[in-house]
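To start, the structure itself, in structure tokens.
Heavy atoms only: backbone and side chains are in, while hydrogens, waters and symmetry mates are out.
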Amino acid sequence: MRITEIDLQCEDIMWFAVDCNGFIIALTSGGIANVPEYVCRSRKETEVLEGFFLNKTENISDSELLIAHDDSPLVTDAISLSRKGIYCFDVSTDSNEYGYYKIAQPDNPLRLSDLPKKIQDILSDHIIDVDVVSTNQITVDNAY
């Protein structure tokens with residue numbers, strides 16, 4: 001099933017991408033940020049990736065939280081994912097473009113080549129032309 005334009009306006013979608021160096025990125029849309037076509041084309045793939053990264057990957061890294069620490073699900077997920085080697089970005093409402101800003105980063109990043117083949121296959125076209133080590137903000141074109 002496809003993620004629709006209406007879904008994007010109602011749901012805080014967690015989606016995953018790969019940067020130009022093969023590092024894994026988790027992004028949360030907040031119901032307002034742009035989401036690429038490759039995310040919208042298959043809700044099932046998006047859910048498979050979320051389930052894999054949240055539930056089936058091991059901690060491999062220390063985490064650096066770049067925002068204020070609180071008990072919100074966003075912060076909890078960001079800490080958990082960055083401990084698994086994933087860079088975490090959340091929607092930014094500070095600009096008209098509703099881009100994403102970095103909220104947590106790992107000391108030891110996970111790479112696409114470290115993942116099982118099934119997950120690599122899904123992520124093979126989820127590429128963002130950005131270097132997550134050196135950037136704090138990401139903008140993407142919207143699927144709609």
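Considering all non-hydrogen atoms of both residues, Y101 and V91 come closest at CE2-O, 2.9 Å. Nearest heavy atoms, D77 versus L54: OD1-CD2, 4.2 Å. N59 approaches S80 most closely through the heavy-atom pair OD1-O, 4.2 Å.
For residues 44-58, no pair satisfies side-chain hydrogen bond (donor to acceptor under 3.5 Å, both in side chains), with sequence neighbours left out. Note on residues 6-24: pairs passing salt bridge (charged side-chain N to carboxylate O under 4.0 Å, His left out), not counting sequence neighbours, are D7-R43, E11-R43.
Residues D71 and T76 fail the side-chain proximity criterion, which asks for heavy atoms closer than 4.5 Å. A heavy-atom distance below 4.5 Å is found between the side chains of L110 and L115. Annotation: side chain of Y144 is not in contact with side chain of V35 (no heavy-atom distance under 4.5 Å). In this structure, the side chains of R2 and R41 come closer than 4.5 Å at one or more pairs of heavy atoms.
Using cut-offs of 30° and 60° for the angle between ring planes, the Y100 and W15 rings count as perpendicular.
Linking Ile, Leu, Val, Met, Phe, Trp and Tyr residues whenever their side-chain heavy atoms come within less than 4.5 Å leaves V18 and V130 in two separate clusters. Linking ILVMFWY side-chain heavy atoms closer than 4.5 Å, directly or via other members, places V75 and F53 in two distinct hydrophobic clusters. Linking ILVMFWY residues whenever their side-chain heavy atoms come closer than 4.5 Å, directly or via other members, leaves F23 and I86 in distinct clusters.
More than 12 non-hydrogen atoms from other residues, nucleotides or ligands lie less than 6.0 angstrom from CG of D70.
Within the model, atoms OG of S29 and CD1 of I3 stand 8.5 Å from one another, a figure rounded to the nearest 0.5 Å. From I127, atom CD1 reaches atom CG of D125 across 7.5 Å, with rounding to the nearest 0.5 Å.
A donor-acceptor pair under 3.5 Å links the side-chain atoms of S61 to the main chain of N108, judged by distance alone. Formation of a donor-acceptor pair under 3.5 Å by the S82 side chain with backbone atoms of I79 is found in this model.
Side-chain atoms of T28 and D90 form a donor-acceptor pair, as typed in the model, at a separation below 3.5 Å.
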Side chain to side chain contact (heavy atoms under 4.5 Å, CB included) between D141 and N34, worked out: CA-CA 6 Å; D141 291 331; N34 289 348; 5.8 Å; no
